[in-house]
Amino acid sequence: MKIKEVTIRHLKMKLKNPFSTSFGTFVDKEFLLLEVTDERGTIGFGESVAFDAPWYNEETLKTNWHMLEDFLIPLILNKEIQHPDELGELFKGIRKNYMAKSAIEGAIWDIYVQQTNQSLAQALGGKKEKIEVGISLGIQETLEKQIEVVDKAIKDGYKRIKLKIKPGWDVEMLRILREKFPDIPMMADANSAYTLEDVGILKQLDEFNLMMIEQPLASDDIIDHAILQKQIKTPICLDESIHSLEDARKAIELGSCGVINIKIGRVGGISEAKKIHDYCEEKGIPVWCGGMLESGIGRAHNIALTSLANFVMPGDTAGSKHYWEQDIIEPEVIVDDGYITVPQESGTGYKANLDAIEGYTIASKTYK
Ligand SMILES: [Mg+2]
């Protein structure tokens, strides 16, 4: 394929329910959507998962726009690309900025699978016909409300509940939730809200039979996590610390984690995500696919990735209607009794809803 045109759009979509983490609360999701067209007129869509503020990592929607406009798009315009795996080489002179790179790479994968007439899952080697789905629930204002949202998620069929925790909203909250829901697979995500000084608190979480505790310590750390893992029984899952296959190798060799959360945007794209998956499989480390409050475009890519064999734990890929009044794909992502059917038709299996996209767009620019 030869890339002829790229349009960046800034979308703003209102969340059905505000989402709170240890950093703050979101009411809207703002993000960049990329529309890439090749010489045959095939269009691919990619989503940047960078938020509008640098709380998850250093990338933001504006830094992504800058990287895309000034560096990444010029590298792909009018380039002959045989396979999306080539982008790693093409982008290697540009440090980090993984979410910006991933947005383009996702669109190139979309074009590639349409033109080779296969589903994205098939192209990646994914064999699962349906995937188990978990849900990530933000911090609620009261314990009663937290119990209520968990109860609803279980009734909706979700197979795993992820609870956001922070100092002061951890041991007691989890104890009560565990008593109320003794059998549901449950995990906690701290988004780096603790330090090694909190070992005492983190040890107490061992009694709640959590599948894992996600990223308890600093967002760029693998050393302290290795020290912590020796002192707690609950497997540590790394999220923010892992940006590449190399990071995954180092963390596993150090014993920093027992599980890895693979996010396509955080590791620079689908190709690198698959490499991390394959390496973890070889090492006996289970993985799962985390969410970034994606729209349907990014969610479709997550679904295809999760069809790979070593995604043995339910991901954060909840259905469209959990997040949005109207998603930007057709059909929307549907969760049926805790499962999503992996599309087998050519492409991602979801079509971009151009009217919906237009309606959510607050700025756009085309490069050719
Ligand atoms: Mg996380």
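In listed order, ligands and their atoms are each counted from 1.
Closest approach between the Mg ion (ligand 1) and any N/O/S atom of Asp189 involves OD2. No other N/O/S atom of Asp239 lies as close to the Mg ion (ligand 1) as OD2 does. The atom of Glu214 that is an N, O or S and sits closest to the Mg ion (ligand 1) is OE2.
Within the 2.8 Å limit, Glu240 places no N, O or S atom next to the Mg ion (ligand 1).
The hydrophobic cluster containing Met313, built from Ile/Leu/Val/Met/Phe/Trp/Tyr side-chain heavy atoms closer than 4.5 Å, also comprises Met187, Met211, Met212, Val259, Trp288, Val312.
With 3.5 Å as the limit, one finds no donor-acceptor pair spanning the side chains of Ser192 and Ser219.
Minimum heavy-atom separation, Asn64 to Ser48: OD1-OG, 2.6 Å.
Taking CD of Glu345 as the reference point, atom CD of Gln122 lies at 9.5 Å (rounded to 0.5 Å).
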